[in-house]
Amino acid sequence: MKYTTRQKAILLLSDGTIFHGKSIGISGTTFGEVCFNTGMTGYQEIFTDPSYFGQIMVATNPHIGNYGVNNNDVESDSIKISGLVCKNFSFNYSRSDASESLEDYFIKQNLICISDVDTRALVSYIRDNGAMNAVICTDGTAVEDLKKQLANVPDMKGLELASKVSTREPYFFGNENATYKIAALDLGIKTNILRNLAKRDCYIKVFPFDSSYSDLAAFNPNGYFLSNGPGDPDPLFSAIGVAKEIIKNNNPLFGICLGHQVIALANGVSTYKMFNGHRGINHPVKNIITGKGEITSQNHGFAVNKEQLENNEVLEITHLHLNDNTVAGMRMKYKNCFSVQYHPEASPGPHDSSYLFDQFVENMKSSLS
């Protein structure tokens, strides 16, 4: 294998801490909130997940790129992370059905990446000090200049990002002759969510994030879906209003991740920014209703206020995260509405929670009778 010299690069955190590494792909700088994902596989799905928009991803798996990329393993039309930090980057790949190397994929999509970083030390630092803004620099820009630019990057708290990743025009997914019709509000929807609904005999019309309830209702759907997405749910006034209308009319409603938080806000329960968030494919969750445990795929930096939820007269907790006892799922006592904080489509991740899609279909079926 030919030896090539790579440009030195740095990761500068907002508190002034610097981690050193080497550049992969294109040269330049990129800004975002630094966070880490503990998944051992599924890097392409992670990179293309719209929920990661505005974030610099640290991969805890020491090997990234070893199985290349495949055109089918995407959750959206492009890479959504702001940048990647990894330990060992594989320029060669061994997967038989890969379409190209991860390096070529990054170059085509203008993603800035830094490798050869002590990611164990970096993740330990983030765990102790919390998620914070950072910049990856691979072009030699002076540190003092980077610090000035980094100081102007807005915090994730209060940041509305759904508009950056949502579809601009409505579109359809699935078989138009399917039994059930779903109106989905796109706050950053993952393609595999749509696949899971479609294979359950559903035809989905996906609407832009700022669509009104009347826009969605004009499709005459059997159920409504509020998707995952990036950023703080608090500024999503339009989506919160849509959720209120859906609930008021007692239409079947299912929310995932950001959609789950929007439903909480529509019921007067606040959300908060977590110290680190949950990002990985092995998070343990307990289903309070059945008493069973689930290993789940998670990706969120905000959560629903547990104390307020416990004191809410119309909501009840259905799932709890077993690592920190945060809210992982809820339902309304007197309405046809439920939601989870994690990702039952599990792309990547285990399929323990796929029954939630079946539950949504059953809710729509019951509402027809």
Side-chain angles (χ1 to χ4, degrees), residues 35-42 45-46 48-53 55 57 60 75 80 131 162 184-185 187-197 200 225-233 253-265 269 271-306 309 315-332 337-360 363:
C35 61
F36 59 90
N37 188 295
T38 58
M40 296 297 288
T41 187
E45 292 92 333
I46 292 168
T48 57
D49 181 350
S51 293
Y52 283 119
F53 185 86
Q55 294 181 308
M57 176 56 57
T60 63
E75 292 294 346
K80 292 299 188 293
L185 192 65
L187 306 177
I189 200 165
K190 295 174 69 175
T191 301
N192 208 43
I193 290 175
L194 296 173
R195 293 193 190 109
N196 269 273
L197 292 170
R200 287 170 170 81
F225 177 75
L226 302 183
S227 84
N228 63 290
D232 191 334
L253 175 60
F254 180 27
I256 288 177
C257 204
L258 187 60
H260 161 79
Q261 296 160 13
V262 166
I263 291 172
L265 291 167
V269 176
T271 59
Y272 63 94
K273 190 176 188 304
M274 304 174 77
F275 190 64
N276 271 311
H278 297 151
R279 298 176 182 89
I281 58 177
N282 63 344
H283 286 249
V285 163
K286 181 178 180 179
N287 185 322
I288 305 300
I289 308 302
T290 65
K292 294 181 178 180
E294 303 169 23
I295 302 302
T296 67
S297 177
Q298 303 209 5
N299 168 24
H300 61 103
F302 291 81
V304 173
N305 187 303
K306 183 170 180 279
L309 180 50
L315 291 170
E316 64 178 339
I317 296 173
T318 58
H319 300 76
L320 285 174
H321 195 295
L322 293 177
N323 285 350
D324 57 10
N325 211 35
T326 52
V327 176
M330 65 185 184
R331 68 182 180 186
M332 296 193 69
C337 171
F338 74 105
S339 62
V340 289
Q341 183 62 80
Y342 52 97
H343 285 263
E345 83 287 348
S347 182
H351 294 181
D352 294 18
S353 307
S354 61
Y355 69 89
L356 292 163
F357 291 107
D358 298 323
Q359 181 180 328
F360 183 37
N363 287 355

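Residue numbers count from 1 along this sequence.
Without hydrogens or angle criteria, T271 side chain to A303 main chain gives no donor-acceptor distance under 3.5 Å.
Counting heavy atoms from C-beta on, the side chains of V285 and Q298 come closer than 4.5 Å. Considering only heavy atoms from C-beta on, C257 stays 4.5 Å or farther from N299 through its side chain. Considering only heavy atoms from C-beta on, M330 stays 4.5 Å or farther from I317 through its side chain. Between F302 and L258 there is no side-chain heavy-atom pair separated by less than 4.5 Å. Inter-residue side-chain proximity for T296 and Q341 is flagged as unmet; no heavy-atom pair is nearer than 4.5 Å. Considering only heavy atoms from C-beta on, Q55 stays 4.5 Å or farther from K80 through its side chain.
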Would you please test N196 and F360 for side chain to side chain contact (heavy atoms under 4.5 Å, CB included) and show each step? CA-CA 11 Å; N196 269 273; F360 183 37; over 6 Å; no

Please lay out, stage by stage, how L320 and K306 fare under the test side chain to side chain contact (heavy atoms under 4.5 Å, CB included). CA-CA 10 Å; L320 285 174; K306 183 170 180 279; 3.7 Å; yes

Determine, stepwise, if the pair I263 / C337 fulfils side chain to side chain contact (heavy atoms under 4.5 Å, CB included). CA-CA 9 Å; I263 291 172; C337 171; 3.8 Å; yes

Does H283 form a side chain to side chain contact (heavy atoms under 4.5 Å, CB included) with Y342? I'd like the steps, not just the answer. CA-CA 9 Å; H283 286 249; Y342 52 97; over 6 Å; no

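Qualifying salt bridge (charged side-chain N to carboxylate O under 4.0 Å, His left out) partners for D358, counting only residues two or more places apart in sequence or in other chains: R200. In this view, S297 satisfies the side-chain hydrogen bond (donor to acceptor under 3.5 Å, both in side chains) rule with no residue, not counting sequence neighbours. Here K190 pairs with D49, E345 under the salt bridge (charged side-chain N to carboxylate O under 4.0 Å, His left out) rule; sequence neighbours left out. By the ring-ring contact (aromatic ring centres under 6.0 Å, His included) test, H300 is found to be paired with H278, residues two or more places apart in sequence or in another chain being considered. Under the ring-ring contact (aromatic ring centres under 6.0 Å, His included) criterion, F225 pairs with F254, sequence neighbours left out. Partners of S227 according to the side-chain hydrogen bond (donor to acceptor under 3.5 Å, both in side chains) rule, which considers only residues two or more places apart in sequence or in another chain, do not exist here. Legend: residues meeting salt bridge (charged side-chain N to carboxylate O under 4.0 Å, His left out) with K286, ordered by chain and number and at least two apart, are absent. In terms of the side-chain hydrogen bond (donor to acceptor under 3.5 Å, both in side chains) criterion, D232 has no residue partners (sequence neighbours excluded). P230 pairs by the side chain to side chain contact (heavy atoms under 4.5 Å, CB included) definition with F53, L161, V165, not counting sequence neighbours. P350 meets the side chain to side chain contact (heavy atoms under 4.5 Å, CB included) test with I281, I295, D352; sequence neighbours excluded.
Separating the CE atom in M274 from the SG atom in C35 is a distance of 12.5 Å, to the nearest 0.5 Å. Note that CG of L253 and OG of S339 are 8.0 Å apart. Values are rounded to the nearest 0.5 Å. Here the OG1 atom belonging to T326 is positioned 11.5 Å from the CG atom belonging to L309, to the nearest 0.5 angstrom. The CD atom of Q261 sits 11.5 Å away from the CG atom of L226 when rounded to the nearest 0.5 Å.
Here the shortest heavy-atom pairing between T48 and E75 reads OG1-N, 2.9 Å. Scanning both residues, I46 and T41, for their nearest heavy atoms gives CD1-O, 4.3 Å. Considering every non-hydrogen atom in both P344 and S353, the closest pair reads CB-O, 3.2 Å.
Evaluation of the salt bridge (Lys or Arg N to Asp or Glu O under 4.0 Å) test over residues 289-302, restricted to residues two or more places apart or in two chains, returns none. Here salt bridge (Lys or Arg N to Asp or Glu O under 4.0 Å) pairs that include residues 315-331, with residues two or more places apart or in two chains, are E316-R331.
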